[in-house]
Amino acid sequence: MTTTTATLQSVLDRIDADFDGALDRLCRLLRIPSISTDPEYATHIRQAAESLAVDLKSIGFDASVRDTTGHPLVVAHHPGPPGEKVPHILYYGHYDVQPPDPLEEWDSGPFDPAIVPSEHGRKIVARGAVDDKGQLMTFIEAFRAWHDVHGTMPIRITVMLEGEEESGSPSLDAFLQANRDELRADACIVCDTGMWQVDVPAITYMLRGLVYIEATLHGPGMDLHSGGYGGAVVNPINAITRVLAQLHDDRGVVQIPGFYDDVRELSDAEAAQWKALGFDERAFLASAGLKTPTGEAGRSTLERIWSRPTCDINGIRGGYIGDGAKTVIGNRATAKISCRLVADQDPKQVQTALVRFLEDRRPPDCRWTFHYHGCNPAIRVPTDSPYLAAASRGLATVFERPPVLIGSGGSIPVVGSIQKILGFDSLLVGFGLDDDRIHSPNEKFEVACYQNGIRSHAAIMDELSRLSV
Ligand code: BES
Ligand code: ZN
C-alpha cells in the first residue's frame with residue numbers, strides 16, 4: 001500500500017462514513033428493470049437514465065439524457081478545479097441490464113435487491129448488481145464524496161452512460177460520431193470488468209471481440225404430424241443440430257475454414273506474465289459449478305478465455321417446447337451462434353466464413369435466413385500510458401496488493417468505438433469477481449468490492465490530478 005495525501009484521505013473517510021447511503025442509492029437504481037433487449041421495458045430504461053442524470057446534477061455536473069434512435073445515453077460534464085490545468089477523463093458505464101430469466105432460479109426478486117451474507121462478508125444480489133449498475137456507481141459515488149468534501153472535482157470529467165450495451169450498442173457509434181467534440185477527452189475509464197481476486201485489483205488490457213448471428217433453417221411449408229411425415233421428410237431441428245455439431249471437431253477445434261488464420265501465438269513475455277499470475281483453475285471451474293477443464297485441445301484455461309477464439313451456440317429454438325408432448329415436426333429451427341474473437345481476427349471475415357459454413361451444409365429443400373447481432377473486433381489497450389500508471393498507483397493506495405494486468409474473455413464494444421471514432425484509448429478498471437454470475441440468475445456484487453471500488457476511483461482521480469498535461 002502506498003501513502004495517502006490529506007486531500008484524498010478526507011474523501012476516503014467521507015466514502016466510509018456515507019457507505020450506507022451509497023448502498024441505498026445503488027439499490028434504488030437496481031430496482032429499475034432497465035432491460036435493453038426487450039422493447040416492453042423502454043420506459044424503465046428512460047427512468048434509469050433520468051434518475052442518473054438527476055443524481056449527477058446533484059453533485060455539480062451538467063447532466064442530460066440524450067436521445068438516440070435506440071435507448072438514450074446520459075452525458076454529464078464537470079469542468080474540474082477552476083483555473084487549473086488537469087487531465088480530462090471520459091468515464092463510461094452502462095445502465096441497461098440483461099433479461100433476468102429464468103426467473104424461477106433466483107433466490108430473491110431480480111429487481112428487488114437483497115443484501116445477504118457472503119464468503120467475503122456481504123453481497124448485493126440483483127440483476128445489474130455488478131454488470132454494470134454497481135460498477136458505474138463506484139465512480140459516481142467517488143465523485144459524490146469528492147464533491148461533498150472539496151466542493152469540486154480534482155480533474156475535468158465527462159460521463160457517458162449507455163442504455164444498450166447489453167444489446168450490442170446499436171446506436172453508440174452514430175452518437176459518438178455526432179458528438180465527437182463534446183466527448184473528446186485525454187483517456188476513457190471503463191468500469192465494466194473484473195478484479196483478479198477479491199483482494200487483488202486488476203487492469204484489463206485485452207478484450208475479445210464478438211460476432212453474433214441468428215441462423216434459421218426453414219424446411220417444410222408448415223408444421224407436420226410426426227407420424228404422418230416423420231422419417232420421410234426433412235426435420236429442420238434434426239438437420240440444424242447435425243450442422244451445428246460440425247462446428248467443432250472432437251478436440252474442440254473450430255472447423256470454420258480460415259477461422260484461426262490470423263490468430264497469433266502468445267509471445268514468450270506475455271506467457272510468462274500470465275504464468276506469474278498463478279491462475280487458480282480449480283477455483284475458476286468451481287465458480288461455474290464444474291471440475292473438468294474443457295475446450296480447444298492443447299490450450300490452458302487462461303488461453304481459452306483470453307487469447308483463443310471460440311464458437312458457441314447461445315440458444316436454440318424450434319418445434320414444440322411447451323409442457324407435455326406434441327408429436328410434431330416443426331417447419332423451422334433457429335440457432336443463436338456467437339464467436340469470441342482475438343487480436344488480428346477480422347470480424348467481417350469471420351462472419352462471412354460462418355455464414356458460408358452453414359450455407360455449404362444446407363440440406364435439400366431447406367433455406368437459411370440470417371439476422372446479424374454484432375460484429376466487433378478484439379481490443380488491446382496500451383499498457384505503457386501515464387493514465388494506466390496513475391490508475392495503478394491509485395489502486396495500490398487502496399489495496400494491500402498491487403494491481404495486475406489481465407485479459408478478459410468478454411467484449412465491451414465501446415472501447416473499440418472510442419479508439420476508432422474519438423481517437424483515444426481506454427483504461428479498464430473494474431471490481432467484479434469471476435463468481436458474480438453476470439448474465440445469470442442471482443447476479444451479485446460483493447459489498448467489499450463496491451466499497452473498495454468507490455475508494456479506488458477516488459484514489460485514481462487523485463493520482464490523475466497530479467499528471468502534467
Ligand atoms: N461486463 C460485460 C463484459 C465482460 C464480461 C467484461 C466478462 C469482463 C468479463 C459486458 O456487459 C457484456 O456483457 N458485454 C457483452 C457485449 C456484447 C453484448 C456485444 C458480452 O461480452 O457478451
Ligand atoms: Zn453484460
Side-chain angles (χ1 to χ4, degrees), residues 30 34-38 70-71 92-100 110 126-138 161-173 189-197 201-214 284 287-288 301-302 304-307 309-315 336-342 347 350-351 371-381 404-418 426-441 443-445 449 453:
L30 290 170
S34 47
I35 304 165
S36 57
T37 35
D38 187 339
H71 295 309
Y92 167 88
H94 64 90
Y95 66 83
D96 65 319
V97 298
Q98 289 275 340
R127 170 57 83 236
V130 65
D131 185 10
D132 183 40
K133 289 174 174 172
Q135 300 240 49
L136 70 83
M137 287 297 279
T138 58
L161 306 175
E162 194 191 352
E164 37 184 41
E165 194 270 356
E166 297 293 10
S167 41
S169 301
S171 318
L172 184 73
D173 283 11
I189 292 187
V190 173
C191 69
D192 199 16
T193 53
M195 300 177 63
W196 180 241
Q197 286 162 18
I203 296 179
T204 298
Y205 74 101
M206 53 195 281
L207 291 162
R208 289 196 291 188
L210 187 68
V211 162
Y212 199 123
I213 71 166
E214 186 169 333
F284 171 78
S287 74
T301 296
L302 265 198
R304 286 173 181 159
I305 49 176
W306 289 357
S307 65
T310 61
C311 180
D312 271 300
I313 299 153
N314 297 118
K336 295 178 188 265
I337 309 168
S338 69
C339 296
R340 295 282 172 179
L341 308 185
V342 298
V350 171
Q351 181 177 283
H371 272 100
Y372 301 95
H373 292 297
C375 196
N376 297 302
I379 297 289
R380 286 177 87 95
V381 297
V404 292
L405 284 174
I406 62 170
S408 166
S411 310
I412 306 178
V414 71
V415 178
S417 300
I418 289 175
S426 295
L427 186 57
L428 301 146
V429 187
F431 301 92
L433 299 178
D434 279 340
D435 69 355
D436 281 345
R437 300 176 181 239
I438 63 173
H439 296 198
S440 164
E443 175 179 349
K444 57 96 175 165
F445 194 18
C449 292

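The first residue of the sequence shown is numbered 1, and numbering continues consecutively from there. All ligand and atom numbering here is 1-based and tracks the order in the structure.
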*Ignoring angles and geometry beyond distance, decide whether Q98 reaches within less than 3.5 Å of ligand 1 through its nitrogen or oxygen atoms.*
no
Hey, can you pull the donor-acceptor pairs under 3.5 Å for the side chains in residues 92-100, sequence neighbours left out?
residue	atom	partner	partner atom	Å
Y92	OH	E162	OE1	2.4
H94	ND1	D96	O	3.1
H94	ND1	D96	OD1	3.0
H94	NE2	D131	OD1	3.0
H94	NE2	E165	OE1	3.2
H94	NE2	D192	OD2	3.1
Y95	OH	P72	O	2.6
D96	OD1	E165	N	3.3
D96	OD2	S36	OG	2.7
D96	OD2	E165	N	3.0
D96	OD2	E166	N	2.8
Q98	NE2	E166	OE1	2.8

_Going by salt bridge (charged side-chain N to carboxylate O under 4.0 Å, His left out), name the residues that satisfy it together with D173, two or more places apart in sequence or in a different chain._
K420
*Check each of D436, L428, I406, D192 against atom 10 (C) of ligand 1 and report the one with the nearest heavy atom.*
D192
_Option whose closest heavy atom lies nearest to atom 3 (C) of ligand 1, chosen from G209, G409, S411_ = S411
*asked:* Taking salt bridge (charged side-chain N to carboxylate O under 4.0 Å, His left out) as the definition, give me every residue that meets it alongside D434, ordered by chain and number, with sequence neighbours left out.
replied: none
*asked:* Please report whether ligand 1 has a polar contact with S408, defined as an N or O pair separated by less than 3.5 Å (distance criterion only).
replied: no
*List the atom of I379, the atom of G416, and the distance in Å for their closest heavy-atom pair.*
CD1-CA, 3.3 Å
_Checking the N or O distance criterion of under 3.5 Å, is ligand 1 in contact with D131?_
yes
*Under 3.5 Å between some N or O of ligand 1 and some N or O of T193?*
no
*Heavy-atom distance to atom 22 (O) of ligand 1: which of Q135, R340, H373, H94 wins?*
R340
*Sub-2.8 Å protein N, O or S atoms surrounding the Zn ion (ligand 2)*: D131 OD2, E166 OE1, E166 OE2, H439 NE2
*asked:* Counting only nitrogen or oxygen atoms and a 3.5 angstrom limit, does S167 reach ligand 1?
replied: no
